[in-house]
Structures are given as C-alpha cells and as structure tokens.
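To keep things clear, I will list the structure first and then write my remarks on it.
Just so it is clear: chains get the letters A, B, ... in the order the sequence lines come, proteins before strands, and each one is counted from 1.
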Amino acid sequence: MIKNYLKIAWRNLWKGRVFNLMNITGLAVAVACCTLIFLTVYYEFSYDNFHEKLDSIYQVYNVANRPKGVEKSSSMPTPMAAALKAEYPAVKYITRSGNTGGVVTYGNQKINEDIHFVDPDFLKMFTFPLVQGSSNAALSQLNSAVITEEAAKKIFGNKSALNQTLLINIENREQPFLVTGVVKQYPANSSITFDVLLRFEHFPQYNADKDSWGNRTHMVFAEFNEGYDPAIFTQQIKPFVNKYYAEDLKNLKRDGAKPDANGNIFSLALAPFADNHFNNDIGIVEGNGISKTYPISLVVIGCFILLIACINFINLSVARGFTRAREVGVRKTLGAGKWQLLAQFWVETILVCLASTIIGLLLCTLLIKQFKAIFKSKISLGMLLEPAHLTGIILMFLAVTAIAGFYPALMMVRYKTVAVLKGKISGGKPGKLRNTLLVIQFTLSTLLIICTIITWQQISFLSNKPLGYNKTEVLSIPVDQGTRGADALRLMRNELRNNASVVSVSGAYMNFGRGNDGSSRRSVLGFIYNDREVRTHLQSVDYDYVKTLDIKLLEGREFDPNFKGDSTGIIINESMARELGGKNLVGTFLPMLDGKPKAQIIGVVKNFNFESLHDDIAPLTLTMLKDFEINYIFVKVKPGNLVGAYDNIKSSWHRLYPNATFLASWLNENTERQYLSERRLSGIFVSGAVLAIIISCIGLLAISIMMVIQRNKEIGIRKVLGANVFGIVMMLSQDFLKLVLVAAILSFPVAWWVMSHWLQSFAYRVDIHWWVFALSTALALILAFVTISFQSIRAAIANPVKSLRSE
Amino acid sequence: MLSLKQISKYYNTGNNKTYVLNKVDLDVEQGEFVSIMGPSGSGKSTLLNIIGMLDQPSEGYMYFLNEPVHQLKEKQRSALYKQNIGFVFQAYHLIDELTVYENIETPLLYQDVKSTERKALVADALDRFNIVGKKDLFPAQLSGGQQQLVGIARALISKPKLLLADEPTGNLNSKQGEEIMELFKKLNQEDGVTIIQVTHSEKNAQYGSRIINLLDGKIDSSIIL
Ligand SMILES: Nc1ncnc2c1ncn2[C@@H]1O[C@H](COP(=O)(O)OP(=O)(O)O)[C@@H](O)[C@H]1O
Ligand SMILES: [Mg+2]
C-alpha cells in the first residue's frame with residue numbers, strides 16, 4: 001500500500017509540478033531561514049548553561065528609588081561580599097568580580113590579556129574545571145594566577161604553565177604572580193570571559209576602597225544553599241541594608257525618595273545568573289548581554305515566515321484539491337476508506353515537505369556564512385545534529401505536514417461523492433478560508449514592511465542628528481594598556497605640534513561612542529549642594545578639550561594653562577547648570593569630592609550627546625582631576641584630507657610607540673557603533689519583510705494561476721461579449737487587491753504599537769508618520785497586482801475561442 | 001438480495017420539500033438483470049446511487065443481503081459495499097493518473113488483497129476483457145469504448161454480487177454500446193452477477209430480465225420480460 005501511495009503521490013506531484021515547485025520553493029526558503037533563526041535563538045538562550053550550579057547562582061544589585069525614578073546598579077562596595085557571607089547564612093559561596101586589561105610579561109614577550117579579579121569561591125561556584133592544579137587551592141594564595149588553556153598556549157607555548165612566574169602590569173604597577181592552575185578552555189557561549197584570574201585584592205583601587213561602603217566598583221555573585229527561595233532576599237536583607245547603607249538611606253530620604261510597594265527606598269536584590277545574557281537593566285553584568293528583543297523578534301519573524309509558507313501550502317493544496325475532487329469521488333466508489341484517502345494525500349504532503357526540508361537545509365549551508373556575518377551569530381550547522389535539535393526538526397516537520405497537509409486532505413475527503421461525480425464541486429468557490437489565509441499573509445508582510453521603514457528612518461535619524469560636537473574631523477586614539485595616558489598625550493601633542501593638518505590635540509577619560517578598543521566607561525558622582533544631592537557624570541579631560549571637539553562654550557572659559565587655578569576647576573554642561581539651579585554659575589564653588597578642596601566652575605558648555613541617543617543628556621562635569629587616567633587622545637584635523645591626516649597621525653604614533661597597535665577611529669565611526677544592535681534589528685526586519693513578501697507573492701501567483709484556470713470559460717465569454725484586456729485584468733485582480741488592502745489596514749495598529757514601543761527606548765526618536773503606512777500599503781498592493789498580472793494579462797489576451805472550445 | 005421499503009429522497013428548496021424519490025418500494029432477486037428507464041430528472045440516478053450506498057435516502061428502509069443498510073454504521077456499510085457492489089458510470093470515471101492496470105487494481109488495494117493475488121486477479125481481468133495490450137496506457141490514450149471496458153473490468157475485479165451501471169453506454173456509439181450490453185448479458189447469465197442498469201435506450205433495456213419505469217420519483221410500471 002505504501003508503495004502504491006508513493007507511486008501515486010509522485011505522479012500527482014509531477015502532474016502539478018508548477019504548483020508544487022512554487023510550494024517547495026516557498027517552504028524551502030522558510031525552512032532555511034527558520035533553521036538559521038532558531039539555531040541562533042537557541043544559541044542565545046544556551047548562554048552560560050554549562051555551569052552545573054547555574055540555577056543557584058545570583059548577581060547582587062541594588063535598587064534606589066530616587067525621586068526621579070528607580071535606579072538599579074550592580075556595582076558593589078568592596079567590603080560587601082564578605083559581610084554578606086558572614087551575616088546571611090543562606091549564602092554558600094560568594095565572589096566579587098571585576099575586569100581590566102593588563103599586560104602579561106613572560107621572558108621577553110608582552111601580551112595583552114583580559115584579567116578577571118575574583119575571590120577563591122569563584123572556582124567553586126562556576127563550572128570552570130582545571131586541567132592543571134586544583135580548584136580548591138588554585139586561588140588560595142594572594143599571588144596565585146589561574147590562566148586559561150588558550151592563554152597558557154599563547155604565553156608558554158608547549159611548556160607546562162604550572163608553577164611558572166608571570167609579571168602582570170595592572171594600572172601601571174608590575175607584580176609577579178605564580179601560575180597555580182590552568183582552566184579548561186570555556187565554551188564560546190560563556191558570559192564570563194577571561195584569560196587570567198587573579199585574586200580580587202589586586203583589583204585597582206582595592207586598598208583605597210577596602211573599607212569603603214561608598215565606592216562601588218565591581219560585581220558580586222553569590223551561590224545559595226540548595227532550595228533557597230530568592231524571592232525573600234530583599235525583605236530578609238533589610239537589616240543588613242539599614243546597617244551598612246545608612247548613608248544612602250539618609251541621602252535618599254533627604255532628597256525626597258518615595259518608598260516602593262514594600263516600603264523600601266534602597267534595597268538589595270538578586271538577579272538570576274541564568275538570565276545574565278539578557279539582563280541589561282541591572283547595570284554592569286558579565287559579558288556583552290543582549291536585549292531580549294533581539295531573539296524574540298527573530299523568533300517572531302521565523303514563525304511569521306513559517307506561517308506564511310504553511311498558508312501557501314494550504315491554499316495551494318486546497319486549490320489543487322478542487323481539481324482532484326473527481327478522483328476522490330471515484331476512489332470512494334471503489335471502496336476507499338476515509339483514512340486510506342487521508343493517508344494518500346498525506347504522503348504527498350510529506351514528500352513535498354521532505355523535499356522542501358532537504359532543499360531548505362542545503363540552502364542553509366549556502367547562506368550560513370552571510371547570515372553569521374550579518375546577524376553576528378555564532379551558530380554552526382553541526383548544531384543541527386544535537387539530539388535536542390534533531391527532535392526539534394522532526395517535530396517541526398511533523399507539525400508543518402500536519403497543519404499544512406491535514407486540513408486540505410480532510411476537506412477533500414469530505415466532498416460529497418455524488419455531487420463530485422456530477423462535477424458540481426470542481427468549479428470551486430474562492431472560499432472564506434483562502435481569503436482569510438491570504439489576509440493573514442499580507443497582514444504579516446505589510447507589518448514587516450512598516451517595521452522596516454520605521455527602523456530605517458530611526459537609524460538614519462540617529463546617524464544624522466547633530467550631537468553638539470564635531471564627529472567627522474576628530475580622531476580618537478585609545479591609549480594602549482600599560483602606557484600612561486597622560487604621558488602619551490604629552491608626547492603626541494609635541495609630535496603633532498608641527499603637523500599642518502592637525503588643528504588641536506586633547507585627551508580624556510571617556511571616549512565618544514564605542515572605539516576600536518571596545519571599552520566603555522562611565523563615572524557618576526553624587527555630592528551635596530545646597531542641602532540636596534546633585535548627581536553628575538564626570539569626565540576627566542585635558543587642556544583644549546572643548547576646542548578640539550568643537551563643543552560650544554556658553555559662559556566662562558575653557559581650561560587654560562595660563563590660569564593657575566584651572567587645573568582644579570570644572571566646566572559643566574547646561575543640564576548640570578539646570579540641576580544646580582540659578583544663573584551666573586561661573587565662579588561658584590562646588591563640594592564635589594570628599595577630602596579635596598571645593599572646585600570652582602570656570603565655564604558652562606552647551607549640551608552635547610556624550611552618551612548614545614538612547615539617553616537624554618545628563619548633567620556632566622568636566623574636570624582635570626588626576627585620579628582619572630587619560631584613556632583616549634583626541635586629535636582634530638583640518639577638513640579636506642582626512643585619509644592623509646590619518647596616515648600622518650598613525651606614523652607619528654608608531655614613531656613614539658613602535659610596538660603598540662594604532663586603534664584610532666573617527667568619532668562618527670564610534671557613534672555608529674553604538675547602534676549596532678539597532679542595525680541588526682533593522683537587518684532582521686528587512687530580511688523578514690523581503691522573505692515574507694516573496695513567499696506571499698509565490699502563493700498569490702499560484703492562486704491566480706488556479707483562478708484563471710477556473711474562470712477560463714467566464715473570461716472567454718466576457719471577451720466575446722466585448723470586454724477589453726484592462727477590464728478583465730481589473731476584474732481578476734480586484735478581489736485580491738481588496739484582500740491585500742484589508743490586510744494592510746489590519747497591520748496598522750499592530751505595527752504602530754510595536755514600533756512606538758521600540759522607539760520608546762530612544763530619548764531622541766522620529767515620529768511615526770501616516771505616510772509610512774500609506775507607502776507600505778501601496779507597496780504591498782503594487783507587488784500583489786504585479787504578481788496577479790502575470791496570469792490575468794495572459795488570460796485576458798488569450799484567444800477566447802480556445803477557452804470556450806475546451807468545454 | 002435487495003429490498004427498498006418506502007424510500008424517499010427530497011431536497012429542501014426554500015420552505016418546500018422537492019421530492020426526487022417518493023416512497024419507492026423495490027425488490028430485486030439474486031441473478032436478476034434490471035433496467036431502469038424514465039425521462040431525464042425522474043430520479044433514476046438518485047435511485048441507483050441510493051442502492052449503491054453512495055447517497056443516503058431521506059426516509060425509508062433498505063435491506064441488502066438481509067442487512068438493514070439504514071441501520072449500519074459508516075464502517076460496516078463501507079465494508080458491505082466494498083465486497084459486494086461494483087459501479088459503472090456513464091462518464092467512465094477512470095483515474096487519469098493511473099494506468100489501465102492500476103485502475104483495475106485499485107479496488108483490490110482498498111480491500112487489502114495480497115500482492116500476488118492481486119497480480120493474478122488483474123491479469124485474469126485484462127485477459128478476459130481483451131485489454132492486455134493496453135495495460136500500461138493511461139485513460140487519455142484510450143477510446144471511449146475501451147475506457148468503459150476498463151471501467152467494467154474495474155467494477156468487476158472484486159467479484160461483486162451486484163453490478164450497478166448508470167447509463168453505461170450513454171457516451172458510446174451504438175456498436176460499442178452493443179458490445180457492452182452483450183458483455184453484461186454474459187456476466188449475468190454465465191457468472192450470475194445481479195445487474196441494475198439505468199438506460200435511455202429501449203433496445204438496451206431489452207437485454208435485461210425486467211424493466212422498471214420511473215416517473216416523477218415514483219415507479220410507474222414494472223415489466224417482466
Ligand atoms: N442537490 C440537489 N438539490 C436539489 N435538487 C437536486 C439535487 N440533486 C438532484 N436534484 C434533482 O433531482 C432530480 C433527479 O435527479 P437524477 O436522479 O439525476 O435524475 P435522472 O438521473 O433521472 O436524470 C433532478 O430534477 C435534479 O434537479
Ligand atoms: Mg441520471
């Protein structure tokens with residue numbers, strides 16, 4: 001019987017090869033992109049799942065209910081971890097965690113490595129097994145260093161790393177460390193990344209901050225006893241907060257903080273480490289987390305595309321079913337049972353799905369390279385062979401065959417035998433179902449078109465908005481780790497003094513946007529002014545900063561080497577001026593730092609976007625404090641020959657630092673890099689929209705072919721009666737165009753809701769204009785019309801005699 | 001073998017019932033060859049379809065081989081039908097995608113007949129109807145008469161006790177029609193197959209043993225030849 005089913009199925013498929021080919025193309029494309037998408041999403045969700053005790057590890061963060069809103073921060077004071085472990089018995093292990101880069105010296109080679117500063121519990125909590133040394137002892141000594149297999153290979157080659165001594169330079173201090181363990185190389189889906197683990201006691205500023213509850217510099221992770229309910233943490237820890245965070249509580253109360261539902265104005269809370277990869281609202285976390293929007297929109301679009309392809313399948317099968325109604329009737333008179341007929345049609349469906357899946361997977365292998373590049377995905381097709389994925393694919397396959405194959409089959413089987421044999425059904429009515437499905441397809445397609453246009457608008461708005469500083473002619477050079485920024489700045493200034501293309505040179509603690517070094521820094525300071533807490537971002541700069549960046553000075557002057565007091569003065573931005581209140585602030589003294597003389601305001605600058613356009617411009621204070629390193633050198637060049645200037649500066653840099661890499665980039669490159677995730681989302685929408693439209697149009701094309709076959713006689717009669725080609729094309733198209741129009745209108749509210757939600761995450765954003773909806777609708781209508789025209793024009797210009805004779 | 005009691009079939013047209021068959025009583029014995037005649041629209045096909053269980057009566061009882069068909073479940077009715085009834089149509093209704101051989105074989109597939117037995121039965125039938133040479137052709141490659149021959153061979157493949165034929169010669173020329181009628185007669189007399197045919201041709205009706213005239217959904221006359 002199965003052999004027979006297969007044989008018949010094959011013949012039927014061959015007979016309807018035009019339709020089946022369309023069907024298979026659509027479905028194969030859907031399979032290919034869904035495979036890529038679901039693998040990517042799986043990968044994102046698989047982050048950190050190699051940690052055996054993942055579910056009992058939490059990151060501690062604090063929540064301050066400031067008058068202006070809730071502020072979460074995961075930066076913790078240095079004594080906190082030990083105090084928590086001592087006073088809160090549910091904590092089994094606890095570790096602080098901070099990152100910096102450092103130069104590792106062994107023999108005469110120097111290598112830049114990522115250094116992670118942790119407590120000994122770190123290796124007991126997280127699953128980083130040692131291939132050499134023991135997890136319990138590896139970090140027991142202050143001078144212990146644990147390195148990864150890769151780092152060991154890089155530093156020591158084939159020599160054994162254990163018990164070797166390394167020199168590591170952290171913030172310009174070189175110290176010897178003893179390698180006491182080598183960690184098995186961790187998988188790529190680890191949020192925690194490092195080359196070297198050192199004891200937290202070596203973290204920069206450790207000694208200064210050792211007993212300070214005010215300076216918060218690092219993350220804290222805790223593992224709790226089995227069965228611990230993290231929900232009770234915040235309430236149970238209240239006495240602890242009252243005891244150690246009295247200062248914060250006092251300040252918050254004074255500033256009018258409102259308690260939350262549980263009566264807390266400042267509290268400690270736990271974020272599960274299992275969610276770390278998506279945790280982007282608690283402040284600093286391990287690794288580069290991503291917003292959940294990204295995998296979710298991928299999944300949604302994957303499902304859309306699969307749904308659209310399935311709808312094609314159903315519509316085409318139902319349409320083809322009409323032409324096969326007679327066969328069903330005859331088979332019934334020959335004694336076919338319902339299930340036998342269902343099985344027969346199902347075999348056809350399965351063959352089509354199988355072909356689509358195979359072609360789809362082949363397509364995957366062709367596309368995976370570009371896909372990985374565009375979506376920064378780290379997937380490989382080998383992942384498909386994991387048992388979980390194989391099961392997933394088989395389940396998806398069965399689901400698709402069931403959804404797409406079962407309904408049309410059932411419908412055919414239900415035909416009334418007698419009516420069918422009399423030829424009453426083969427005429428075929430358009431059917432509510434077909435129309436509904438078409439509407440769904442085009443609703444999804446139009447939705448994606450609208451999303452594409454709006455994300456594109458927003459991104460071009462982000463790149464074109466003036467930011468209040470010169471981003472085209474200023475080069476930002478990250479200072480290499482292991483070099484003192486202030487020295488590098490002084491040397492570069494001298495070096496470039498006689499360079500005709502250079503206008504001015506300055507340096508600062510923070511970069512603009514994200515540079516080639518990939519780091520981002522921010523420093524926020526709170527102090528009491530006029531009995532009220534004022535919070536400001538702090539940027540440490542050097543002379544000529546305002547001039548180099550073309551920032552507009554509103555009042556006062558920029559730091560000037562000719563004025564003695566300027567090196568202890570500050571320049572504030574408009575937001576800060578508003579925060580402080582009052583006019584003529586130049587000359588005012590602010591008690592910014594404990595234990596230091598008050599700082600005098602020497603200038604006020606116009607607001608500029610020192611952070612991304614996601615955020616409003618916050619209060620900012622520019623200082624020349626030496627406590628902050630100069631991490632970036634800014635060079636403003638004359639317009640005209642940017643490339644030449646770049647090469648010039650590069651060779652100057654290499655003259656000064658022959659071994660250091662030149663990571664310079666123009667500021668507009670840096671600001672663009674801030675919106676990589678937005679570009680990625682827009683890429684997803686574009687690809688999704690294109691695929692959705694293509695697959696929908698394939699389906700529409702097939703349906704229009706079917707319709708023309710069914711209405712052939714009518715078309716012939718109308719032509720004989722004098723209808724012209726245009727009239728017939730319009731007649732055949734208008735029903736479909738109406739459906740597309742309905743679909744477009746249905747997509748409006750959804751698109752509006754989704755996009756305005758997305759735009760909310762930007763402090764600076766475009767408005768959603770009505771013409772975007774009109775344009776998308778027009779686009780969908782035109783594409784649908786063109787698709788149908790292929791068939792309707794052919795039918796309309798055909799010789800009517802032919803179509804009438806065939807009856 | 002077949003007994004219809006007060007069989008009616010009506011369609012609802014607006015508020016009225018339009019009767020196609022009106023309280024028809026009919027008994028057919030094993031071995032009979034019945035011809036049903038009547039003007040177009042008199043309900044002949046409807047009657048045949050009800051007998052052949054393709055259609056269900058609106059009212060009345062039907063017994064086939066002493067089974068009360070009106071009480072049977074779908075599955076039992078289907079089994080009864082499969083084993084005992086063969087259908088021949090005016091429009092042949094061969095399956096276009098299947099060869100002659102496969103068309104004839106299909107009913108056996110639905111009865112789960114084993115492969116070797118199937119081969120033997122189909123070979124027999126091809127032989128008997130003289131269409132061995134055509135076995136690998138598709139219906140479109142055959143003439144009307146040949147197609148109807150295949151249709152009959154298919155209807156008879158599972159050795160039914162009752163053969164139903166709705167205007168089997170309607171689309172054929174008179175010579176082809178005659179051949180089919182001769183075949184029916186032979187089947188009836190030599191193999192003992194009970195036959196009920198619908199026909200418009202007085203001449204073809206004469207091949208049978210009884211002629212039933214249908215008029216406005218009622219049996220107008222029943223003549224035993
Ligand atoms: N689905 C239906 N709805 C209404 N009337 C029908 C339907 N099917 C058949 N009829 C009517 O039943 C009558 C008998 O049809 P039929 O048995 O095919 O006649 P015959 O085969 O004798 O020409 C016809 O008048 C036809 O119009
Ligand atoms: Mg009839």
Do B/I95 and A/R11 pass the side-chain contact (heavy atoms from CB on, under 4.5 Å) test, and can you show the C-alpha distance, the side-chain angles, and the key distance before you say yes or no? CA-CA 12 Å; B/I95 297 176; A/R11 270 190 221 152; over 6 Å; no

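In this structure, chain A has no heavy atom under 4.5 Å from any part of B/Q111. Heavy atoms closer than 4.5 Å to chain A are found in the side chain of B/F138, but not in its backbone. In this structure, the portion of B/L94 lying under 4.5 Å from any heavy atom of chain A is its backbone and not its side chain. Of the two parts of B/D55, the backbone and the side chain both hold a non-hydrogen atom closer than 4.5 Å to a non-hydrogen atom of chain A.
Here the side chains of A/Q340 and B/L109 are not in contact, with every heavy-atom distance at 4.5 Å or above.
Taking a 6.0 Å sphere around CG of B/D216, one finds it holds 12 or fewer heavy atoms contributed by other residues, nucleotides or ligands. Residue A/R17 qualifies as enclosed at atom CZ: its count of foreign heavy atoms under 6.0 Å is above 12. Counting heavy atoms of neighbouring residues, nucleotides and ligands inside a 6.0 Å radius, atom NZ of B/K186 does not exceed 12 of them. For B/N66, the CG atom counts as loosely surrounded, since its 6.0 Å shell holds 12 or fewer non-hydrogen atoms of other residues, nucleotides or ligands.
The line from CG of B/N103 to CG of A/L334 is 8.0 Å long, rounded to the nearest 0.5 Å. The CG atom of B/L108 sits 11.0 Å away from the CG atom of A/N4 when rounded to the nearest 0.5 Å.
When every heavy atom of B/Y110 is checked against every heavy atom of A/L341, the shortest pair comes out as OH-CD2, 4.3 Å.
Counting heavy-atom pairs under 4.5 Å between each of A/K332, A/R331, A/E327, A/K338 and chain B puts A/R331 at the top. In terms of heavy-atom pairs under 4.5 Å with chain A, the best-connected choice from B/E97, B/K82, B/M53, B/E74 is B/E97. Of the listed residues (B/L98, B/T106, B/N49), the greatest number of heavy-atom pairs within a distance under 4.5 Å of chain A belongs to B/L98.
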